[in-house]
Protein chains: 2
Amino acid sequence: MGVIRKTKAVEVLLKEFNTNSVAISAKALIEQLGDTFNKTTIYRVLDKLEDDGILHSFLGKEGLKWYAKCNGCTSTEHNDVHPHFQCLSCGRVDCLTFTVPLPKIPNRKIEVTQLLIQGKCEECFV
Amino acid sequence: MGVIRKTKAVEVLLKEFNTNSVAISAKALIEQLGDTFNKTTIYRVLDKLEDDGILHSFLGKEGLKWYAKCNGCTSTEHNDVHPHFQCLSCGRVDCLTFTVPLPKIPNRKIEVTQLLIQGKCEECFV
DNA sequence: AATATAACGCAACCTTGTTGCATTAACAAA
DNA sequence: TTTGTTAATGCAACAAGGTTGCGTTATATT
Ligand SMILES: [Mn+2]
Ligand SMILES: [Mn+2]
Ligand SMILES: [Zn+2]
Ligand SMILES: [Zn+2]
């Protein structure tokens, strides 16, 4: 189940995702807020916000867990699935708005697709 | 640098990938061979075989590291990059032979793309 | 204000993977 | 075949990201 009480931690984490439009890793949030909140709390709040359809998560480089705001998802329906882009120079990660059409794979049922594109972002691309 | 001496561990691991056509996780190899070889050895041999262009690696569900045989790669050129499919029922992972065309992303340079498709494999798809 | 319990902090733990170092074994030269 | 070089191994200790259990705190309801 998701968030029930509007605690300080929920408030601060939500603000973090509302002021930044990029994705944020759990690791970065702990580095940034670890003095204010215990890392267990941060992991738990992120998890609950994902349950609520407010955030979605995905794995970046080296298997690190990243979170970003959802668009039009609910606790019952997580529909906004999309590729993510990770800059190999500055580390920045963001959501891409397009979807890639996959070819039919015979006799297999596709349930999830996760696409991570790595390269140089607008800032780092000369 | 890659493998220089044909040791027992190299031999056994290579056979593992030659008799199975699927991908194998480092974790599974350690579970299977951990009595015969130290896990450190297994990790190191896999790493070297990848350097040699004999194996390629990628991250599966939950950030676990998987390895599979390369086709036509060398130590200097790792060209066979492709999507992977992980069955959510039986856990089996294999390489997909197609490539997905990505749209141009303005002002960004794409260097790597990793696509993991999850669902039900031929065996588990009813 | 009193109560119920969701959320928290803390410590201890788990898992995958890595590092340093002494020992062993592959391989080629003698 | 013996010897010498050093790549590869085993072991123990560590690292990092994340999880769990439990006693305490604070939010929300009455
Ligand atoms: Mn979403
Ligand atoms: Mn390859
Ligand atoms: Zn960048
Ligand atoms: Zn399957």
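Using a 4.0 Å cut-off, no side-chain N or O of B/Tyr43 falls inside it from OP1 or OP2 of C/dT18. Look at A/Thr7 and you'll find a side-chain N or O under 4.0 angstrom from OP1 or OP2 of C/dC8. Side-chain nitrogen and oxygen atoms of A/Lys48 include at least one within less than 4.0 Å of the OP1 or OP2 phosphate oxygen of C/dA7. Contact annotation: B/Thr41 side-chain N/O to D/dG10 OP1/OP2 distance is under 4.0 Å.
Residue B/Asn38 contributes atom CG, which lies 14 Å from atom P of C/dA25 at whole-angstrom precision. A straight line from CG of B/Asp47 to P of D/dA8 spans 12 Å, rounded to a whole angstrom. Atom CG of B/Leu59 is separated from atom P of D/dG18 by 13 Å (rounded to the nearest Å). B/Arg5 places its CZ atom 9 Å from the P atom of C/dA28, with the value rounded to the nearest Å. When the C1' atom of C/dC8 is taken as reference, atom CG of A/Leu46 falls 15 Å away, rounded to whole Å. Per the geometry, CD1 belonging to B/Ile30 stands 12 Å off P belonging to D/dG10, to the nearest Å. One atom, CD of B/Glu50, and another, P of C/dG17, lie 12 Å apart when rounded to the nearest Å. The distance between atom CD of B/Glu62 and atom P of D/dA16, rounded to the nearest whole Å, is 22 Å.
Backbone-only engagement by A/Lys65 is indicated by non-hydrogen atom pairs under 4.0 Å involving sugar-phosphate atoms exclusively. Looking at heavy-atom distances under 4.0 Å, A/Leu64 makes contact with sugar-phosphate atoms alone, never a base. Within 4.0 Å of B/Ser25, counting heavy atoms only, lies no atom of the nucleic acid at all.
The pair B/Glu111-A/Lys120 counts as a salt bridge, with a side-chain nitrogen and a carboxylate oxygen less than 4.0 angstrom apart. In summary, B/Glu122 and A/Arg108 engage in a salt bridge, as defined by a charged side-chain N under 4.0 Å from a carboxylate O.
Between B/His84 and B/Phe58, the angle of the ring planes stays under 30°, which puts this pair in the parallel group of the 30/60° scheme.
Side-chain N/O atoms of A/Arg44 and base N/O atoms of C/dG9 include a donor-acceptor pair closer than 3.5 Å. Side-chain atoms of B/Lys39 and base atoms of C/dG17 include a donor and an acceptor less than 3.5 Å apart.
Nearest heavy atoms, B/Val100 versus B/Leu115: CG2-CD2, 3.6 Å.
Toward the 5′ end of DNA chain C lies the nearest nucleotide of A/Lys8, the other residue of the pair B/Glu31 and A/Lys8 mapping further downstream.
Paired with A/His56 under the rule side-chain hydrogen bond (donor to acceptor under 3.5 Å, both in side chains), one option of A/His78, A/Lys69, A/His82 passes, and it is A/His82.
Candidate nucleotides C/dG9, C/dA6, C/dT19 were compared by shortest atom distance to the side chain of B/Thr40, and C/dT19 ranks first.
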